Undergrad: 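This is the structure I want to talk about, given as structure tokens.
Treat the numbers as computed from the prediction; the structure is a model and nothing was measured.
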Amino acid sequence: MTSNNNIQRYELPQPPAPKNRWWLVGLGAVSVIFTLLLALFFYNSISKNLIENRTFFLNKQVEFAAHEAQRSFKHFNEDLLFFVENQELINREELSENSKKIDSLRVEKLLSTYIQLIDTLSIGIGDVGQVYTLDKNNKLVANPLDSNWMSGYADSSSLLLQSNAGNVKVSVKLNLKKYFEDLLKKYYLGPNTDKLVYGKEGFYNINNNGPIFFKDKLVQDEIVNEIEGGVEGDYWSQITEESEEDAKEYLLVQYPFKLVNLDENFAFVFVQEKPSIDADIFENYFHLFATLLVLLAIIIAFIFKYFKITKENSNFLEKKSKNLNQLLKQQTILLQQSKGFIYYQDREDKIYKVSENVREVLGYNPEELVGRSVKDFIITQSDEFLESRQGLIEKKEGVFNFEFTSETKNGNSIRVKIFEKLIYNKDSTYEGSVGIFTDINAKYRADQELIKSENRLRSVLNCLPDIIFIYNNQGVYLDYYVQQEELLVVPPTQSLGKKISEVLVGEAGEKAMRAFNKVILTGKMQTEELDLLLDIGRRYFEVRFFKLDEDRIISVARDITGQRLWERGLSEAKEAAELANREKSSFLANMSHEIRTPLNGLLGITGLLFKTELSEEQNELLSIISDSGESLLNIVNDILDYSKIEAGKMELDPVAMNLTAELVKIIKVFSGMAQQNSLVINLKIEKNIPKIIILDKDKLAQIFFNIIGNAVKFSKVGGQIDISISGELIFTKNLILTCTVKDNGVGIAKEKIPQLVKPFTQASESSNGEYKGTGLGLAIANKLIELMGGVLHIESEIDKGSTFTFALISQGSEEKVNDPKESFLNSENQAIEILAEAHPLDILLVEDNDINLKFMLMLLSQMGYTPEVALNGVEAINAVEKKRFDLIFMDNQMPRMNGMDATKVIRGMANGRKTMIVGLSASVFKEDIELAMNIGMNAYLTKPVKIHQIVEKIKNCIIWKENGFK
């Protein structure tokens, strides 16, 4: 290396031109021969591989086809056996031949199912037989057979079966050719392939049902022997369908098999012409060979190109030797761009040569540095520089680098870095050094700014309320940022150098280490909640562990003690609310019992009075009493229903129902009110809605009762109410019902519409009592619609009417809706006053309320029954011990022993096992009803009980008794 003015020049000798180039031509000839041999090798390899792959493919296909033929024929044989045994079962109790029955429907189903396999099916029961076939229109045709019919069908193409008892025999003539033909059509093997079947008649082609001839009889015998021996295989042979002159070479693959109950051996044979396989090889090989030829042409072109390039390279090298000095100059320019210069020192560390770049770095001329030392340019750290450098020289180290602050010629301070190559002679004596002196002032300033930025970040972290720790990958504490040391188990300074498990012990330490290890394993953030007992008391922390970089893990902990205390208070408030809800349910249950019990007597006696002769004034007064009782009952029902919905205890009970019939029943309930106000109620149900749907019938009725009831209540005299039902089928059976109830009544102000679905709210708040009600009807309807998957939408305008629209999710059904008691209940013509005369029953009435007791006794006496009476559960048990009753009406809430406990005891007694027990209770909660049914009650009536409900249970008991209590 020299200075800019003393650069040593080098002259590169020009390479001599090659004397003999014919070796390149020889190389080209060898390449051609090698390419041809390689092409032949590739052809043989590809041909062998393609034939092996094709053979494997055909083997798998023929195996699948044979297994499918066996499986399908096995299913046919099982269906036929089932038919034979079923036919034997049908005719087991028949005594004469003339009364034997053949299930023609099952025969037709067999023939239709296996139409490709069955030619004719003959059935014999004793000596009588029938032969069945299908005509061109697939209609069943039956002809009688004589007593010797079996002999006519006992050939190798027939399948003979008989029942275990031997009374039923079946003979099936099989059309195996058609069966195999249809089965093999599903397998596509590609062009120039055929599918053969081997049977008792030899080989035949399913495509034209023609025989196959083998040119080589030895190969044919080998194939037949292996098929008969049950051995699969593949072969090469010349075969033809006409004459031996037309024979072509084929690849044959066969798979033998047997069919259930047939002694004959079968095999499927898949064949493909060898030229068609080779054609694929030639097509693939042509592209490969063409590619090799192109590569060969390229190689030859490169060989001849080499002659030209060689000469050009000679000229190029000559030109480059002239430019070598210019390259050395560029090296100097590179040092200038890196703001550095090169210096040479002797054994006394005196500079004896410096590159020109020193001017750009320190501002000196090269001559001004000769005789000086690098340490002269160090402002500080000179002692450290000398000590460090001397130590490396004593150790015979090869390189030395040092960073320090230097001073330029004009007095400016810059940050520099030196890199020296220390030179030693053969005796390892220090001879001097070559060094690079580099200006790194810009990088140094950037580093200083980065340090300042880190310090600012550290200041921010120190201000955060969170507790921050940094660890290495072994869980050892490296650093921390903590504001409140009282929130730590130990002071942070004592944690440094220790592992997490050494600082946090017990369950908290295990959880922290588990989260830490998962971060190491997955690289994802982990969150844990730690419970620590500190000097200031118990504290809860939420700790997040995540990776800071590849070598460090950081944890951020936050004190969540206040949050936990708030959650605990919230939990206590929730428990208090649940307790209040339970107390409310208990209050509602008691209220239901206390109100419904007297209502039962009131409405029951009222119903009985209606059956007596009354004057017009008495009838009117009695109607007022009845309407008032029903109104009070509706209010109680609304309150209890809304309480159930609010508590989340309302459940759906979907059943199959006739939608049209149910809606007609509901409309009939309002017919009296409609006639009184000259209202017209129209019902329109779209034709695409199934007649039978699956939905909760009771909930649907309750929705329509509330909405239609509102429409009737608020409609004007002479108005009209339109009820329309439309639907949309989704995924075959799922049905979305869209229901609309529209009236032209008084209407509702738009701002009051949202209030309609709130409980205990009415659109009209007038005190004149024109529109009565609890304000729960629409609230209950809205909740039920939401429970059934819909939303209630209300549109209304003052004096123009209202439209209520909602959608319900249901299902269409083909199930028939039948009432098993319908025939008895509808055909019973006698009056209830003489019911006991036609159907006597022993009845026990268990009731402690005087009014309800009198009502039940009066009602039963009108039917002609004289029941025995028990005032509590103990008396009921004593009565059952003495006598067996057909029917017991059991009240639930009674002194001494209630109805539930009494029912349990009675069901364990000999006289009470087959007695029908009907519960009577004022409780309407589902859990009470389910409990009553589970302990042994047959039915459950809620008070107030209607007369027709009592009559219906008595009729149910009559049916049960007449059926032997089954």
Undergrad: Can you check side-chain contact (heavy atoms from CB on, under 4.5 Å) on His839 and Tyr865, steps first, answer last?
TA: CA-CA 10 Å; His839 305 284; Tyr865 294 106; 4.3 Å; yes

Undergrad: Against Tyr132, only a single residue in Ile102, Leu110, Val141, Thr120 fulfils side-chain contact (heavy atoms from CB on, under 4.5 Å); can you say which?
TA: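 When side-chain contact (heavy atoms from CB on, under 4.5 Å) is applied between Tyr132 and each of Ile102, Leu110, Val141, Thr120, only Ile102 qualifies.
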
Undergrad: For residues Gln130 and Pro144, report the shortest heavy-atom separation together with the two atoms involved.
TA: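 Heavy atoms of Gln130 and Pro144 come nearest at OE1-N, 3.6 Å.
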
Undergrad: Which value, rounded to the nearest 0.5 Å, describes the distance between Ile929 atom CD1 and Met937 atom CE?
TA: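 Interatomic distance, Ile929 CD1 to Met937 CE, rounded to 0.5 Å: 11.5 Å.
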
Undergrad: Show every side-chain hydrogen bond (donor to acceptor under 3.5 Å, both in side chains) that has at least one partner inside residues 900-910, sequence neighbours left out.
TA: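 Qualifying pairs: Arg907-Asn938.
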
Undergrad: Would you please test Met909 and Ile877 for side-chain contact (heavy atoms from CB on, under 4.5 Å) and show each step?
TA: CA-CA 9 Å; Met909 300 168 62; Ile877 294 171; 4.0 Å; yes

Undergrad: Within the 4.5 Å heavy-atom criterion, are Phe64 and Lys186 side-chain neighbours or not?
TA: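 No. Closest side-chain heavy atoms not under 4.5 Å.
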
Undergrad: Considering only heavy atoms from C-beta outward, does the side chain of Glu78 approach that of Phe82 to under 4.5 Å?
TA: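 Glu78 vs Phe82: side chains apart.
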
Undergrad: Within the structure provided, determine whether Lys258 and Asn265 are in side-chain contact (heavy-atom separation under 4.5 Å).
TA: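 Result yes, sub-4.5 Å side-chain heavy-atom pair found.
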
Undergrad: Sort out for me which residue in Tyr179, Tyr198, Phe73, Phe180 forms a ring-ring contact (aromatic ring centres under 6.0 Å, His included) with Phe266.
TA: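 When ring-ring contact (aromatic ring centres under 6.0 Å, His included) is applied between Phe266 and each of Tyr179, Tyr198, Phe73, Phe180, only Phe180 qualifies.
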
Undergrad: What are the two closest heavy atoms between Ala267 and Gln254, and how far apart are they?
TA: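 Between these two residues, the closest heavy atoms are CB-OE1, 4.3 Å.
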
Undergrad: Starting at CG of Leu184, measure out to CG of Leu196 and round the result to the nearest 0.5 Å.
TA: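 Here the interatomic distance stands at 9.5 Å.
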
Undergrad: Between Lys173 and Val131, is any pair of side-chain heavy atoms under 4.5 Å apart?
TA: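 No, every pair of side-chain atoms sits at 4.5 Å or beyond.
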
Undergrad: Looking at Ile694 and Pro654, what are the two nearest heavy atoms and their distance?
TA: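 Shortest heavy-atom separation between Ile694 and Pro654 comes out as CG2-CB, 3.9 Å.
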
Undergrad: Please answer whether the main-chain N or O of Ile725 pairs with a side-chain N or O of Glu686 as donor and acceptor at a distance below 3.5 Å.
TA: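 No, the answer is negative, given that no donor and acceptor are paired below the 3.5 Å cut-off.
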
Undergrad: Looking at Phe214 versus Phe203, is the centre-to-centre ring distance below 6.0 Å?
TA: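 Yes, ring centres under 6.0 Å apart.
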
Undergrad: Around Asn934, counting heavy atoms of other residues, nucleotides and ligands shown, do more than 12 lie under 6.0 Å from its CG?
TA: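 More than 12 heavy atoms, drawn from other residues, nucleotides or ligands, come within 6.0 Å of this atom.
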
Undergrad: How about Ile51 and Thr55: do any of their side-chain heavy atoms sit closer than 4.5 Å?
TA: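 Yes, their side chains come closer than 4.5 Å.
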
Undergrad: As a quick check of understanding, evaluate side-chain contact (heavy atoms from CB on, under 4.5 Å) for Leu176 and Leu117, giving each step before the final call.
TA: CA-CA 6 Å; Leu176 293 177; Leu117 180 58; 3.8 Å; yes

Undergrad: To the nearest 0.5 Å, what is the distance between CG (Leu663) and CE (Met657)?
TA: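 Interatomic distance, Leu663 CG to Met657 CE, rounded to 0.5 Å: 6.5 Å.
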
Undergrad: Please lay out, stage by stage, how Gln61 and Tyr188 fare under the test side chain to side chain donor-acceptor pair (under 3.5 Å).
TA: CA-CA 9 Å; Gln61 292 297 307; Tyr188 177 73; over 6 Å; no

Undergrad: Would you say Val271 and Ile212 make side-chain contact, with heavy atoms under 4.5 Å?
TA: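 The answer is no, as the side chains (C-beta and beyond) never meet within the 4.5 Å cut-off.
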
Undergrad: Which pair of non-hydrogen atoms, one from Phe268 and one from Ala66, has the smallest distance, and what is that distance?
TA: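 Looking at all heavy atoms of both residues, the shortest contact is CD1-N, 3.6 Å.
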
Undergrad: Without swapping roles, check the side chain of Thr915 against the backbone of Phe885 for a donor-acceptor pair under 3.5 Å.
TA: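 Yes; judged by distance alone, with no hydrogens or angles, the pair exists.
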
Undergrad: With side-chain contact (heavy atoms from CB on, under 4.5 Å) as the test, pick out the partner of Asn77 among Leu262, Leu259, Val172, Val260.
TA: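 Considering Leu262, Leu259, Val172, Val260, a side-chain contact (heavy atoms from CB on, under 4.5 Å) with Asn77 is found only for Val260.
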
Undergrad: Atom CD in Glu68, atom CZ in Arg71: separation rounded to 0.5 Å?
TA: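 Result: 5.5 Å between the selected atoms.
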
Undergrad: Salt bridge or not for Lys882 and Glu868, using N-O below 4.0 Å?
TA: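 Salt bridge between Lys882 and Glu868, a charged N being under 4.0 Å from a carboxylate O: no.
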
Undergrad: What pair of heavy atoms forms the shortest contact from Val880 to Gly912, and how long is it?
TA: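 Heavy atoms of Val880 and Gly912 come nearest at CG1-N, 4.1 Å.
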
Undergrad: If only side-chain N and O atoms count, and only distance matters, is there a donor-acceptor pair under 3.5 Å linking Glu930 with Tyr940?
TA: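 Short answer, no.
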
Undergrad: Answer whether the closest heavy-atom distance between the side chains of Leu140 and Leu134 falls below 4.5 Å.
TA: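 Yes - at least one pair of side-chain heavy atoms lies under 4.5 Å apart.
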
Undergrad: Okay, side chain of Asn688, backbone of Gly727: is any donor-acceptor separation there less than 3.5 Å?
TA: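 Yes: the side chain of Asn688 pairs with the backbone of Gly727.
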
Undergrad: Heavy atoms, side chains only, cut-off 4.5 Å: are Asp119 and Leu174 in contact?
TA: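 No; the side chains remain at least 4.5 Å from each other.
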
Undergrad: If you round to the nearest 0.5 Å, how far is CD1 of Ile954 from CG of Leu860?
TA: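 Rounded to the nearest 0.5 Å, the CG-CD1 separation comes out at 5.0 Å.
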
Undergrad: Picking from Lys177, Lys178, Lys185, what satisfies salt bridge (charged side-chain N to carboxylate O under 4.0 Å, His left out) with Glu181?
TA: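 When salt bridge (charged side-chain N to carboxylate O under 4.0 Å, His left out) is applied between Glu181 and each of Lys177, Lys178, Lys185, only Lys185 qualifies.
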
Undergrad: Measure from the side-chain N and O atoms of Asp886 to the backbone N and O of Asp842, and report whether any donor-acceptor pair falls under 3.5 Å.
TA: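 Here the side-chain-to-backbone pair exists.
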
Undergrad: So, using ring pair (Phe, Tyr, Trp, His ring centres under 6.0 Å) as the criterion, who are the partners of Tyr255 when residues are at least two apart?
TA: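 Tyr255: ring pair (Phe, Tyr, Trp, His ring centres under 6.0 Å) contacts with His67.
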
Undergrad: Do any N or O atoms from the side chain of Glu85 and from the backbone of Asn164 form a donor-acceptor pair under 3.5 angstrom?
TA: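 Yes, because the side chain of Glu85 sits within donor-acceptor range (under 3.5 Å) of the backbone of Asn164.
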
Undergrad: To the closest 0.5 Å, what do you measure between CG (Asp234) and CD1 (Ile223)?
TA: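 Output value for this atom pair is 10.0 Å.
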
Undergrad: Under the side-chain hydrogen bond (donor to acceptor under 3.5 Å, both in side chains) rule, collect the residues that match up with Asp194, sequence neighbours excluded.
TA: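 Testing Asp194 for side-chain hydrogen bond (donor to acceptor under 3.5 Å, both in side chains), a comparison that skips the adjacent residues, returns Asn205, Asn207.
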
Undergrad: Could you go through the side-chain contact (heavy atoms from CB on, under 4.5 Å) check for Asn658 and Lys691 one step at a time?
TA: CA-CA 6 Å; Asn658 187 319; Lys691 183 178 180 181; 3.3 Å; yes

Undergrad: Minimum heavy-atom separation for Met890 to Ala902, with atom names?
TA: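 Minimum heavy-atom separation between Met890 and Ala902: CE-CB, 4.0 Å.
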
Undergrad: With distance as the sole test, does Glu837 use its side chain to make a donor-acceptor pair with the main-chain N or O of Gly864 at under 3.5 Å?
TA: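 Checked: no pair found.
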
Undergrad: Which word best sums up how the rings of Tyr187 and Phe270 line up, parallel for under 30°, tilted for 30 to 60°, or perpendicular for over 60°?
TA: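 Plane angle between 30° and 60°, so tilted.
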
